[in-house]
Number of protein chains: 2
Amino acid sequence: MPPKKVTLEEIAQMAGVSIATVSRVINQNGRFSKETEKRVKDIIEKYNYRPNQMARGLRKNRGKVVGIIVPDVTNEFFARMAVEMQVRLLREDYMAIICNTNESASIEKAHLSMLKSLLVSGLIYITHESIDVNHTLIVPTIYIDREPSPNANESEHVFIESENYQGGYLATRHLIDRGCQRIGIISLEGKISSHNNRFEGYLGALKEAGLPIDKDLFFFTKAVTYEDGSLAMDNLLEKNNDLDGVFCTADILALGALQFLLRNDINAPEEVKVVGFDDISSCTRSIPPLSTIHQSVELIAELAVQNLISMINGDPTEKPYIKLPISLIARGST
Amino acid sequence: MPPKKVTLEEIAQMAGVSIATVSRVINQNGRFSKETEKRVKDIIEKYNYRPNQMARGLRKNRGKVVGIIVPDVTNEFFARMAVEMQVRLLREDYMAIICNTNESASIEKAHLSMLKSLLVSGLIYITHESIDVNHTLIVPTIYIDREPSPNANESEHVFIESENYQGGYLATRHLIDRGCQRIGIISLEGKISSHNNRFEGYLGALKEAGLPIDKDLFFFTKAVTYEDGSLAMDNLLEKNNDLDGVFCTADILALGALQFLLRNDINAPEEVKVVGFDDISSCTRSIPPLSTIHQSVELIAELAVQNLISMINGDPTEKPYIKLPISLIARGST
DNA sequence: ATGAAAGCGCTAACAA
DNA sequence: TTGTTAGCGCTTTCAT
């Protein structure tokens with residue numbers, strides 16, 4: 001038989017107090033004596049009582065729920081981000097609803113609509129893309145890796161990203177230190193700020209080292225896929241027979257590039273060295289293992305959740321813009 | 001300013017009817033004239049009204065929400081499964097909450113507790129593992145790939161899995177057809193039904209072909225990881241210098257095995273042929289591409305959602321046990 | 001420090 | 001066919 005669900009009223013009865021008092025104890029607001037508190041807490045414990053979130057949400061006009069919007073959880077990077085956040089939110093007693101948009105604006109819209117009717121307390125956007133649905137959920141929002149459009153965003157929000165310029169710089173600098181003279185770049189086309197900044201970092205390092213900057217060394221892919229990475233590498237090699245290093249603004253691209261090299265018997269790192277960005281787990285399994293720029297998923301998740309909870313609680317937002325350090329991980333590909 | 005949220009009552013007023021009528025139109029139950037329906041629907045459309053799920057859930061004692069429990073969304077197979085289900089559930093106007101347990105019983109418990117207080121209407125378990133938390137949520141449940149414990153499950157449920165025996169048989173048969181005489185197997189230890197059945201299929205094919213069955217050809221890993229696959233291959237090779245084929249009961253294991261071969265300059269498929277199971281996307285990117293047994297994630301997702309919705313709606317469950325066909329995909333590794 | 005009571009927005013039983 | 005109304009379980013004034 002279904003273990004009959006306990007209600008506030010029943011707890012109140014068993015504890016010999018009014019429901020208002022029980023509510024106060026649970027939410028730790030208002031006043032009540034230490035004794036009452038203990039008595040109520042014991043009963044709650046004993047009956048394993050959990051407040052009905054629906055009733056609570058209805059009353060407060062917002063649920064203990066936050067939405068996490070990701071373009072594609074099938075991508076390990078997004079998946080890790082989402083789960084790291086989920087477990088942290090759970091600790092704060094918030095249910096995280098991971099919504100996969102599959103890059104589709106209509107699915108995103110449907111999700112937002114559902115989230116709204118579920119009275120979500122906050123939103124986290126994890127994405128490299130700039131899906132420009134003017135999401136009209138006016139709730140505290142965290143953007144990861146994607147600059148919120150300055151207009152049309154009246155809700156309080158925080159933007160978190162890695163030191164992308166610095167990452168591009170470090171990666172390129174590393175290639176130079178390893179002796180590369182003719183360094184190509186594979187990046188994502190369009191105005192995605194993260195990739196663009198990494199590209200700028202690449203240019204910066206080249207300039208600093210006095211290396212010539214040549215458009216033939218640039219390749220911009222349409223998407224972040226292994227196939228695009230392979231194609232890009234092929235193309236770069238065709239245009240530059242003296243290519244000896246490549247910086248890719250995403251690991252997936254770099255891994256695709258490495259694959260192309262392997263299939264075509266071009267030795268990495270001897271002939272061409274490669275550096276990626278993100279540090280996903282497959283980096284350690286490629287042949288050779290991929291050198292890359294590491295972003296701390298845990299740190300990003302931690303800060304995102306922390307800031308979101310603060311905003312939800314109405315605490316003043318300290319910094320609307322957070323930039324996180326990255327680090328270089330040298331492996332076999334350089 | 002926040003676009004003031006519309007309520008049932010306001011819609012009723014604008015349409016000049018009572019709230020009960022609007023409710024009837026929305027839920028399509030009870031009676032109402034065509035005219036009224038149109039008028040109400042127009043207003044709803046105009047104001048882009050969406051019923052408050054909290055109020056509704058509170059009243060009906062269950063929300064338009066279902067929980068999807070996965071051990072690790074970071075694993076592409078689970079991730080795909082989860083998103084395929086999520087998009088289908090969204091079409092049915094259900095919000096899918098993807099809960100990552102990270103193989104931890106305590107996290108799973110916390111999730112279930114939250115789901116319960118959110119009044120979920122149903123549950124889907126996607127897992128190869130047998131996390132034996134006696135989850136006491138009495139709601140319609142679908143188990144994928146994992147036999148529900150016969151005791152302690154009073155809730156209505158459906159169990160969906162692939163033809164695992166047949167898959168193991170086909171994979172091994174394929175190796176035999178390609179000329180292998182000494183075929184090893186890498187599987188997962190423990191009493192996971194899916195892996196066990198695949199193992200039985202392997203034995204069946206060997207017997208049928210009159211090939212000797214030798215314990216030296218078996219290796220059981222502790223987990224499904226690339227590393228375990230590599231180690232297993234190493235071990236198998238050491239014990240059998242005439243090994244010419246290996247069937248792995250999961251792609252991840254097979255990919256790990258292939259990696260070991262590549263790193264040690266053992267040519268696949270010439271010297272050793274390998275077949276996996278699942279058909280995850282990395283199969284096409286390994287060197288050589290991995291032959292495998294394909295399971296249709298879409299089909300599983302479709303059936304799971306379909307059956308769950310039926311159960312939630314109280315429709316009679318047709319079959320509590322569904323077995324799905326698989327197919328062999330031959331690639332470079334054989 | 002505690003209780004009584006008014007809803008939050010919705011569904012469903014009962015009336016009309 | 002449509003309206004009236006009583007709650008669902010909780011939070012939160014306002015009394016006491």
Side-chain angles (χ1 to χ4, degrees), chain A residues 2 4-41 43-44 47-65 93 114 116-121 313-314, chain B residues 2 4-41 43-44 47-65 93 114 116-121 313-314:
Chain A
K4 179 172 170 10
K5 64 185 174 348
V6 194
T7 71
L8 235 206
E9 190 170 9
E10 296 173 298
I11 297 292
Q13 252 162 17
M14 324 233 55
V17 295
S18 75
I19 60 169
T21 301
V22 180
S23 176
R24 286 188 188 105
V25 170
I26 289 171
N27 298 294
Q28 293 291 307
N29 63 14
R31 305 197 172 304
F32 42 81
S33 70
K34 270 275 166 261
E35 299 168 59
T36 318
E37 176 171 10
K38 172 150 182 33
R39 191 145 32 90
V40 170
K41 278 192 167 166
I43 305 275
I44 287 179
Y47 288 87
N48 193 21
Y49 168 75
R50 298 266 314 181
N52 179 327
Q53 294 296 335
M54 289 285 178
R56 167 178 238 232
L58 173 58
R59 184 58 231 254
K60 307 192 44 150
N61 201 35
R62 54 138 107 153
K64 281 230 160 211
V65 171
D93 209 35
M114 283 251 70
K116 183 177 176 186
S117 71
L118 265 177
L119 307 180
V120 280
S121 296
N313 291 339
Chain B
K4 177 172 172 8
K5 65 185 170 351
V6 193
T7 71
L8 236 205
E9 189 171 9
E10 295 172 298
I11 296 293
Q13 252 162 18
M14 324 232 58
V17 294
S18 76
I19 59 169
T21 301
V22 179
S23 177
R24 286 186 190 108
V25 170
I26 288 170
N27 299 294
Q28 292 290 305
N29 62 14
R31 306 196 170 304
F32 41 81
S33 70
K34 273 272 166 265
E35 298 168 62
T36 320
E37 177 171 10
K38 173 149 181 34
R39 193 145 32 91
V40 170
K41 279 191 165 165
I43 304 275
I44 288 179
Y47 288 87
N48 193 20
Y49 167 75
R50 298 268 313 180
N52 179 327
Q53 295 295 335
M54 289 286 179
R56 170 184 226 184
L58 173 58
R59 183 59 230 252
K60 308 192 43 148
N61 201 36
R62 55 139 113 152
K64 280 231 163 211
V65 172
D93 210 34
M114 283 252 71
K116 182 176 174 185
S117 71
L118 263 178
L119 308 182
V120 279
S121 296
N313 292 338

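Proteins get letters first, then strands, A, B, ... in listed order; numbering begins at 1 in each.
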| message | Among residues at least two apart in sequence or on other chains, which ones pass side chain to side chain donor-acceptor pair (under 3.5 Å) with B:Arg56? | response | B:Asn27

| query | Just by protein heavy atoms under 4.0 Å, how would nucleotides 5-10 of chain D read 5' to 3' in B, S and -? | reply | BBBBBB

| message | What's the closest nucleotide to the side chain of B:Arg31 if the choices are C:dT2, D:dT1, D:dT2? | response | D:dT1

| Nucleotide C:dC10, atom C1' - distance to CD1 of B:Ile44 in whole Å | 13 Å

| With sequence neighbours excluded, what pairs up with B:Lys38 under the salt bridge (charged side-chain N to carboxylate O under 4.0 Å, His left out) test? | B:Asp42

| message | Both B:Ile26 and A:Ser33 contact DNA chain C. Which one's nearest nucleotide lies toward the 5' end? | response | A:Ser33

| request: Send over the distance from B:Lys64 NZ to C:dC10 C1', rounded to a whole Å. | output: 14 Å

| Listed by chain and number, what are the salt bridge (charged side-chain N to carboxylate O under 4.0 Å, His left out) partners of A:Lys41, not counting sequence neighbours? | A:Glu37

| task | To the nearest Å, give me how far apart CZ (A:Arg24) and C1' (D:dT12) are. | result | 8 Å

| task | Check whether any side-chain nitrogen or oxygen of A:Thr21 sits under 4.0 Å from OP1 or OP2 of C:dG3, and answer yes or no. | result | yes

| query | Can you tell me how far P of C:dC10 sits from CG of B:Leu119, to the nearest Å? | reply | 16 Å

| query | In whole Å, what is the span from the NZ atom of A:Lys38 to the C1' atom of C:dT2? | reply | 20 Å

| field | B:Leu8: partners by side chain to side chain contact (heavy atoms under 4.5 Å, CB included), with sequence neighbours left out | value | B:Ile19, B:Val22, B:Ser23, B:Ile26, B:Tyr49

| Could you give the CD-to-C1' distance, from B:Glu35 to D:dT1, as a whole number of Å? | 11 Å

| query | Looking at residues at least two apart in the chain, or sitting in another chain, which of them share a side chain to side chain donor-acceptor pair (under 3.5 Å) with B:Ser117? | reply | none

| Counting only heavy atoms not in A:Gln28, do more than 12 sit closer than 6.0 Å to its CD atom? | yes

